[in-house]
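Okay, structure first, notes after.
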2 protein chains.
Amino acid sequence: MSTPGKKEQIYAAARALFSTRGYAATTVRDIAKEVGIRGASVYAHVDGKERILWDLVIEAADAFRDAVRPIMASPLAPDEKLRLAMAEHVTVIARNIETSTIYFHEWQHLSPARKRAVRDRRDTYEQLFRAVIAEGMKKRVFAKRDPRHVSIVLLSSLNGVSTWFRPSGPLSPESLGALYADLLLKGILR
Amino acid sequence: MSTPGKKEQIYAAARALFSTRGYAATTVRDIAKEVGIRGASVYAHVDGKERILWDLVIEAADAFRDAVRPIMASPLAPDEKLRLAMAEHVTVIARNIETSTIYFHEWQHLSPARKRAVRDRRDTYEQLFRAVIAEGMKKRVFAKRDPRHVSIVLLSSLNGVSTWFRPSGPLSPESLGALYADLLLKGILR
DNA sequence: CCTACCGATCGGTAGG
DNA sequence: CCTACCGATCGGTAGG
């Protein structure tokens, strides 16, 4: 019999293990042990190992989209939209550090069809940034560069926070978002 | 009998496989197949799988240090030093995209002692950046922020180039380095 | 550099 | 949710 809540425990264990050891180096038995059941019993709650990864990847992709889309759809000026979007993006990472790390690094272990779906969602998301960057350049509030390059440099830079942020540290997700937005908008020079 | 050059072929195959599939998802037999030998024969040339990873990680760490240390030791002004160092760092990644990707993502699969050694080298390298950033702030050429935060945000941002750069693309390693240095020094705003 | 082989472990299924 | 088990595969060694 499956206990209510057990499935969520399995996903919580998978989040921790996939994000630290990586998907390929984590076994179903590792996850089971963390939850206090046998390896085979995991399959009473979950379709399989890859299905867990897929659910976690979608969880992360949704979090980014839901945080940033309303900002981009708002009537704010491009520089304000970009500032808020960058800050939100970083804050989402910091608040969901495990899932975000999995999203960035482990999606490649999905099946080809699911990999394609991830790439599509990521491209759609990046397009949100590219549009506001292009708008800001047109309105001469941003320096003129290739918007495609800037959007990808910018997003990959923001994603870097997942490699070093620790929730136990002194920085809050919000102050971290503000730091990144400020630094990337204004640069290091004064 | 071991053929001369075979060892380098094994390392070339490992660079390609570790950087795309990841260390844990790559088998010794995968590497062997790429080289055209049997899995067991790999051990005539190499100590073991982890030793290959270790050698590749050190290869990358050396490349970064050798490129950036002379710049930091030069008598240039802090903003010029930082610009050159950032550009060189990105250029090294782009020129060694496979090894760099392994360095950033796969070092965690090393033994505890080797992991510690990697962390130490990485900290020493980051210190080079932190010092010039602190110097630039003191001389009021950089905006005043926490140098520790800025150095880590900056380096993790530069490292992001490894997630999207493809040598087959239109950007050269050098122009990419210039783009990153310019963007991070001056920011997106004009 | 090969064949043959080792013990260990993998994701997953059968059948309660 | 368990025991028992499956075929496949792992990193690595022996002995040429």
Side-chain angles (χ1 to χ4, degrees), chain A residues 1-58 102 105-115, chain B residues 1-58 102 105-115:
Chain A
M1 214 86 65
S2 70
T3 314
K6 213 70 181 181
K7 184 173 176 178
E8 186 43 47
Q9 289 177 48
I10 290 170
Y11 275 80
R15 264 187 287 268
L17 290 166
F18 288 174
S19 64
T20 51
R21 295 183 202 175
Y23 176 78
T26 300
T27 72
V28 173
R29 285 162 178 83
D30 290 335
I31 297 170
K33 194 169 196 175
E34 205 82 357
V35 179
I37 60 178
R38 298 286 182 167
S41 305
V42 168
Y43 292 87
H45 304 279
V46 178
D47 283 354
K49 192 188 173 190
E50 198 217 308
R51 172 59 188 271
I52 302 177
L53 176 60
W54 171 245
D55 288 340
L56 295 178
V57 162
I58 289 302
I102 294 165
H105 292 91
E106 307 301 329
W107 64 276
Q108 56 180 321
H109 295 107
L110 290 167
S111 67
R114 285 173 166 166
K115 265 195 333 211
Chain B
M1 214 83 65
S2 70
T3 313
K6 214 69 182 181
K7 185 173 175 178
E8 185 43 49
Q9 290 178 46
I10 290 170
Y11 275 81
R15 263 188 286 267
L17 290 166
F18 289 174
S19 64
T20 52
R21 297 184 202 173
Y23 176 78
T26 300
T27 73
V28 173
R29 285 162 178 83
D30 290 334
I31 297 170
K33 194 167 196 175
E34 206 83 356
V35 179
I37 60 178
R38 299 285 182 170
S41 305
V42 168
Y43 292 88
H45 305 279
V46 177
D47 283 354
K49 191 188 173 189
E50 198 217 309
R51 173 59 188 270
I52 302 178
L53 176 60
W54 171 245
D55 287 340
L56 294 178
V57 163
I58 289 302
I102 294 165
H105 292 96
E106 307 301 330
W107 64 275
Q108 56 181 320
H109 294 108
L110 290 167
S111 67
R114 285 173 166 166
K115 268 202 318 218

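Lettering of chains follows the sequences in order, A, B, ..., and the numbering in each one begins at 1. Quick note: numbers below take in every heavy atom, side chains included, and nothing from hydrogens, waters or symmetry partners.
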Original post:
Do B:Glu34 side-chain atoms and B:Ala13 backbone N/O form a donor-acceptor pair below 3.5 Å?
Top reply: no
Original post:
CZ of A:Arg38 versus P of D:dC2: gap in Å, rounded?
Top reply: 7 Å
Original post:
Considering only side-chain heavy atoms of B:His45, which listed nucleotide, D:dC1, C:dC2, C:dC1, is closest?
Top reply: C:dC1
Subject >> A:Lys115 atom NZ, over 12 foreign heavy atoms within 6.0 Å >> reply: yes
Original post:
Are the side chain of B:His109 and the backbone of A:Arg21 linked by a donor-acceptor contact shorter than 3.5 Å?
Top reply: yes
Original post:
How does protein contact run along nucleotides 4-16 of chain D, one letter per nucleotide 5' to 3', with B for base contact, S for sugar-phosphate only, - for none, heavy atoms under 4.0 Å?
Top reply: B-----SBBB---
**OP:** State whether B:Arg15 and B:Glu8 are salt-bridged, where the test is any N-O pair (Lys NZ or Arg NE/NH1/NH2 against Asp/Glu carboxylate O) under 4.0 Å.
**Re:** yes
Subject >> Any-strand Watson-Crick or G-U partner of C:dT13, both distances under 3.5 Å >> reply: D:dA4
**OP:** Without swapping roles, check the side chain of A:Tyr23 against the backbone of A:Glu50 for a donor-acceptor pair under 3.5 Å.
**Re:** yes
